[in-house]
Amino acid sequence: GAGANAGRGALIVLEGLDRSGKSSQCAQLASFLETQGVPVEAWRFPDRTTAMGQMISSYLSCQTSLDDAAIHLLFSANRWEKRSLMEAKLKEGITLVIDRYSYSGVAFSAAKGLALDWCKAPEVGLPAPDLVLYLDISAEMAAGRGGYGGERYEKLEFQKKVKQKFKLLKDAAWQNVDATQSIDSIQTVIREESIKIVNECNSGRQLMQMW
Ligand code: 2DT
Ligand code: MG
């Protein structure tokens with residue numbers, strides 16, 4: 001709406017291992033913000049609905065193989081193809097709650113052995129999140145929750161490597177959230193942090209760029 005909410009929206013990213021609880025926390029956060037009168041949209045990356053997203057989806061479901069560098073760039077391009085829309089939404093005052101972003105992009109590719117700096121390079125210039133909520137849980141505990149599908153990266157040994165890489169990506173926007181707590185306790189923390197940043201963005205906090 002106009003008036004009290006005339007400022008820009010916040011870019012809020014949830015990150016973490018598979019089965020860390022990101023998707024349900026994102027959905028709950030978006031509904032909560034809506035009840036608070038905050039214009040909000042829930043997004044996710046990869047965005048599997050685009051042409052590039054369909055290539056990514058077929059790679060993840062092991063229907064196709066791709067060179068590690070090529071798929072890395074495709075994941076990044078899948079964010080770039082949404083860049084102008086992201087910026088437009090934020091400028092309009094819409095807060096975006098995004099399930100995964102560049103941090104997953106770098107952590108998963110670096111876990112395969114690609115150099116961290118090389119992985120970060122294509123992300124440079126994308127809109128930077130105002131807040132990154134990292135749902136912190138051990139790979140063992142996440143795997144113990146069950147529900148890994150059959151997708152390419154959903155294996156305990158690989159998730160352990162991903163976690164090591166996530167640790168190298170903490171930046172100014174990063175907040176660790178203990179993801180071993182109850183769903184409700186996690187959501188409480190996430191709501192508090194999110195409302196704070198929504199207010200800051202609404203009152204003129206500048207949108208930054210990665211990285
Ligand atoms: P979902 O399970 O959330 O659909 O993710 N991934 C994700 C990457 O390797 N690079 C990226 O840039 C992103 C956003 C993480 C599917 C898998 O894709 C991985 C898990
Ligand atoms: Mg998954």
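All ligand and atom numbering here is 1-based and tracks the order in the structure. Numbering starts at 1 and runs along the sequence shown.
- For Tyr103 and Trp211, the ring centers sit closer than 6.0 Å to each other.
- Near Tyr153, with a cut-off below 4.0 Å to any heavy atom, the atoms of ligand 1 are 9 (O), 19 (C).
- Residue contacts with ligand 1, taken as heavy atom pairs separated by less than 4.0 Å, do not involve Ser23 at all.
- Given atom 2 (O) of ligand 1, the protein heavy atom at minimum distance is Asp18 OD1, 3.7 Å.
- With distances taken over non-hydrogen atoms, the option nearest atom 5 (O) of ligand 1 out of Lys112, Arg152, Arg100 is Arg100.
- The local environment of CD1 in Ile183 is sparse, with at most 12 non-hydrogen atoms from other residues, nucleotides or ligands closer than 6.0 Å.
- A salt bridge between Asp47 and Arg79 is absent, with no side-chain N of the basic residue lying under 4.0 Å from a carboxylate O of the acidic one.
- In this structure a side-chain-to-backbone donor-acceptor pair under 3.5 Å is present from Arg152 to Tyr59.
- Residue contacts with ligand 1 for Ile56 are absent, since no atom lies close enough (heavy atoms, distance under 4.0 Å).
- Taking every non-hydrogen atom of Leu60 and a distance limit under 4.0 Å, the qualifying atoms of ligand 1 come out as 16 (C), 17 (C), 18 (O).
- Considering only non-hydrogen atoms, atom 16 (C) of ligand 1 lies nearest to Arg48 out of Arg44, Glu123, Arg79, Arg48.
- Applying the 4.0 Å criterion to heavy atoms of Gly105 picks out, from ligand 1, the atoms 10 (N), 11 (C), 12 (O).
- When the heavy atoms of Tyr103, Phe45, Phe108, Phe75 are ranked by distance to atom 18 (O) of ligand 1, first place goes to Phe75.
- A donor-acceptor pair under 3.5 Å is absent between the side-chain atoms of Glu123 and the main chain of Ser76, judged by distance alone.
- Between Asp18 and Arg145, no side-chain nitrogen of the basic residue sits less than 4.0 Å from a carboxylate oxygen of the acidic one, so the salt-bridge criterion is not met.
- In terms of distance to the Mg ion (ligand 2), the nearest N, O or S atom of Asp18 is named OD1.
- Annotation: Lys161, atom NZ; neighbour count of heavy atoms from other residues, nucleotides and ligands within 6.0 Å does not exceed 12.
- The ligand atoms of ligand 1 that sit less than 4.0 angstrom from a heavy atom of Pro46 are 5 (O), 7 (C), 14 (C).
- Surrounding CE of Met55 are at most 12 heavy atoms belonging to other residues, nucleotides or ligands under 6.0 Å away.
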